[in-house]
Structures are given as structure tokens and as C-alpha cells.
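Comments concern the structure below.
Computation of the quantities below employed the complete heavy-atom set of this structure, encompassing side-chain atoms and omitting hydrogens, waters and symmetry-equivalent molecules. Naming: A, B, ... by sequence-line order, numbering from 1 per chain.
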2 protein chains.
Amino acid sequence: MSTGPAFKRLPRAVRQQQMLDSAVRIFSRRGYHSASMDEIAEAAGISKPMVYAYLGTKEELFVACLHREGTRMMEAIAGAAAPDLPADERLWRGLRAFLGFVGAHRDGWAVLYRQARAEQSLARELTVMRARLVEVVAGMLNHALRAEGRQVADTELEVVAYALVGASESLADWLADHPEADPEKTATQMMNVAWLGAGQLLHGVTWRPAGMPATRRHRTTPGPGAERGAASGGPPPVTP
Amino acid sequence: MSTGPAFKRLPRAVRQQQMLDSAVRIFSRRGYHSASMDEIAEAAGISKPMVYAYLGTKEELFVACLHREGTRMMEAIAGAAAPDLPADERLWRGLRAFLGFVGAHRDGWAVLYRQARAEQSLARELTVMRARLVEVVAGMLNHALRAEGRQVADTELEVVAYALVGASESLADWLADHPEADPEKTATQMMNVAWLGAGQLLHGVTWRPAGMPATRRHRTTPGPGAERGAASGGPPPVTP
DNA sequence: GAGCATACCTACTCGTGCGTAATGTTACGC
DNA sequence: GCGTAACATTACGCACGAGTAGGTATGCTC
């Protein structure tokens, strides 16, 4: 009586989003199994039956989280890598968008991802997402290859694409565990190793992001003598 | 009467190994949480209290599994990549050993790895393992750099090493999910993208394992499939 | 303000599975 | 042969957490 309504009544759509927000937080913090529905409900400022009424079982709730976050991420990437750009530029933008997104969602995204990979029953949604990503990357590579009149078996391409995506995922994990790290810088370094390769890097060749100094975007000029200011030993390849 | 003693009495060391074998199998098949101690005990042909007596709690048991498998893997890698070889050769051998190991243990290793990453409480052991791997790779890169009189900050090196290790881990996952895939071939492809980079690959530059081009070592392994002929339609860049 | 639908709650059931106490049983020393 | 200690089993305590039943308050429409 004295306190009044205590808690507000909110429309379903809003509450659902609140629940998903809390669920992502809790799942990330505790892991899928250790997270209890009670805790999630409490974090959302709501009681458990409401969660069941709106989002279904625990598994369905988790998949809903994964789906929402995954869709957001995909949109971020797709929006960044326009299909009419050269391959390295697309790769760079996609990478930047990806790591940028993860960096902005730190504890949120990467952990969901890890959880989903571990649990058989949750892996389906994730598999679809990653398959789309690999497909995009493979398509990009294929496109670039055709432009050069070359051709490669799909399986080969898939492995390369998978390696690229996998390396990015791992760096996403790394980012999640290193709050002080800069996504932008990490993306550049990843781009260096992915596009140029470790061998080139060791010889001092570097790739640089949006090329403003020279006309060319990257120096494929072979030859061990690096003409970067890298000799100073300070800044690695490139800092955007 | 017909069965006789039913179950044999075995020395502790042997039983422990049996238990670990079963535990790895069950954990891999079911996942950490879904695996029950009863099932593991049954698979080992033993009863539950024995498991507790020898290996402790469920968590301790899992860590023991991870530790044993991880140590074996580390030994395989360390034994392959001698420190007095050139960087690319070391990377190649390490990669080969790593993916070869995973390929030989398919369901065993990769799944343990995934489980461990998901669960906070299990991650410690894994973190140590991976840190050692990253350290090795970073050390290798650093060594190669010094040989050229160049120098790079440790953090930069770590990121590159992490990307390399991460990409390899992802391919290990891929291998685990693709029983028909050939670890050797996958390792070569990984080496291509890691050492040469996607940019070089797209231009048709390829890396090849040993110094000899047409000798044994690792031909494209025609394999059973007729239409899978990698040699058809010109020399693809990625094929060794 | 009556009637209805929707948002929301407290308090419970019930299965599951970790970890252990009480209890045989086999092998070896003497 | 007979004690004894390591080996092995059955059966249970107990906590925890997913999912639900049934009831209450609030807003909306007429």
C-alpha cells in the first residue's frame, strides 16, 4: 500500500529486450550452465515465470540471445564491406567492423560465442552464423581470383577462409580478455599477418590501411630491405 | 559361475589410465556438463567411488584429462620444431605436428579444448597451455627478427603469435568436424596463408614444404576420388 | 465503473546428479 | 588356513535449479 506500484508495468516488447540484455550479461559472466534462470530474472528486475512466458526455456533463451547479437554483428560487417571494393579493402573493412563490434561488446559477444561452441545443443545457430561468414570470405577470395583469371577448388578456398575467420575469432577472444587493447590496432595487425603473411612481415614489408601517403595501398615490393620507419623499432607495421 | 571373477583387480596406475581414457571419450561425446560421473565410471568398467578415490571430483577429473592430453600434444609439437631451424621450417613442422596430433585424436582433443574454454573454472589449465604455445611462436618470430637485425615490441609480437595460434586452433576445430579431411593438406594450406598471406596467394605465389619440388615428401596425394583431382585445370595456388 | 486481457507474482514439484557411508569381496602375507 | 588391507559395490543424502500452477494487480475498452 504505502510503496505503491513498486515496479512498473511495461509492454511486452520492452520487457523482452530488457530480459535479453540481462540474459546476455549473466550468461557471459557465469557461463551457460552456471547461470540460473532465477538470477537472470532478478537481473532483469522481473520474476522467473515472466521469462518463461516471453522467451521460453533456458535453451531457447540462450539461442535468442545468440541470435540477436549475431544478427547485429552480421549487419555491422555486411554494412562495412561493400562488394564492389578490391579484395584487400573489403577484408580490411570487414575485419575492422568485426573486431570493432567485439571491442564494443567485450564481455557480451565473445563469451556467448564460446558457450555456444561448447554445447552441442546450442551449436546449430552458431554453425549457421559462422558458415555465412566463411561463405562471405570465400566468395570474396573467389571474386578476387577470378579477376585475375585464376581458379581454385572450393574446398581449398574454404580452408583458407576458415583459417582467416578462425584467426579473427581468436583475436576476438583475445580482445575480450584484454580490456585495454585497441580493436583498431589489433585489426591492423591481423590484416598484416592475414594479407601479407608472417614471412613478409619478418622481412619488414608492411601493409597499411587507408593509404594516403602513396598511391598504392600496399607495397608488395619484395626485398628484405624494409622502407618503413619500422627500423626505429617502435611502432610495428602500421598504426592507423 | 560362468563369468568367474567378473572383474579383475588391477594396480592403481593402470586403472587410472583406463579411467582417463574413458573420461576423455565421454567428456568428448557428451560435453562436460552432460557427462555424468556414473557414465564415465561405467565406461571404464568400474564403479563411481573408485573414480572419486583415484581422480577426485568431476572438475579435477576433467582437468586431469586436459592435462594429460595437453602434455602429449605439447611434446609432439616441441619434438617436431627444433630451435635451430629457420623460422618457416619451424613453423611448418610445428603446424604439421599440431594438426597431425589433432587429426589423430579427432574427437578427443578438440572437444576437450572447447569445453575448457567455455567453463570459467576449467579455463586456467588451458590458459597456461595456450600461453606456452603463444610464447613459443612469439619467441620463434622474435628470433627470426633478430637474425635480420630488426626489433618489434613484445605486444605486437604477441598479437601476431596469437593470431597464428588462433588460426591453427580453428583449423583444428575444423578438422575435428571434418573426419574426411587430411591434416597434412590442411597444414600446408594453413602454412600458405600464414606465411605468405592471402595477398600473395591471390597472385599465385605459393609456399611449398620441403626444398624439393617433385620428390616424395608430400605430393598432392591423389587419393581415392577421381573428380577430386586437384591437378585438373591448371595449377591452383594453394595446392602444394 | 463493469468486463476483459495482459502483465506480473509467490510458492511449489520434481528430476537429476554429485559426492559419500555402509558394506561386501579378492588377493596376499604368515 | 586366516587375518587384513586394498579393491570394489550398492544405495543413499542432499542441494540445486528448471519449469509450472494458480492467484493478484494493473491498464484498456466500452
Within less than 4.0 Å of OP1 or OP2 of D/dA8, is there a side-chain N or O belonging to B/Arg15? yes
Atom CE of A/Met50 and atom C1' of D/dT26 are separated, to the nearest Å, by 13 Å
**Prompt:** Any luck finding a side-chain donor-acceptor pair between B/Tyr32 and B/Glu119 under 3.5 Å?
**Reply:** no
In whole angstroms, the gap separating C1' of D/dT9 from CD of B/Glu42 amounts to 14 Å
Note: A/Ser168 and A/Leu99 closest approach over all heavy atoms is O-CD2, 4.0 Å
CG of A/Leu55 to CE of A/Met50, rounded to nearest 0.5 Å, is 10.0 Å
Against the side chain of A/Ser47, the closest entry in D/dC7, C/dC9, D/dT9 is C/dC9
To the nearest angstrom, the CD-C1' distance between A/Gln18 and C/dA7 comes to 13 Å
Residue pairs passing the side-chain hydrogen bond (donor to acceptor under 3.5 Å, both in side chains) test with at least one member in residues 51-62 of chain B, sequence neighbours excluded, are none
Taken to the nearest whole Å, CG/A/Leu55 to P/C/dA7 is 13 Å
For B/Arg72, the side-chain hydrogen bond (donor to acceptor under 3.5 Å, both in side chains) test, sequence neighbours excluded, returns none
What does the list of N/O pairs under 3.5 Å between the protein and nucleotides 17-20 of chain C look like, with a distance for each?
residue	atom	partner	partner atom	Å
C/dC18	OP1	B/Ala35	O	3.4
C/dC18	OP1	B/Lys58	NZ	3.1
C/dC18	OP2	B/Met37	N	3.0
C/dG19	OP2	B/Tyr52	OH	3.0
C/dG19	OP2	B/Lys58	N	3.0
C/dG19	N7	B/Lys48	NZ	2.9
C/dG19	O6	B/Lys48	NZ	2.7

| Over 12 non-hydrogen atoms of neighbours within 6.0 angstrom of CD in B/Glu42 | no
Rounded to whole Å, the CD-C1' distance (A/Gln16 to C/dA7) equals 13 Å
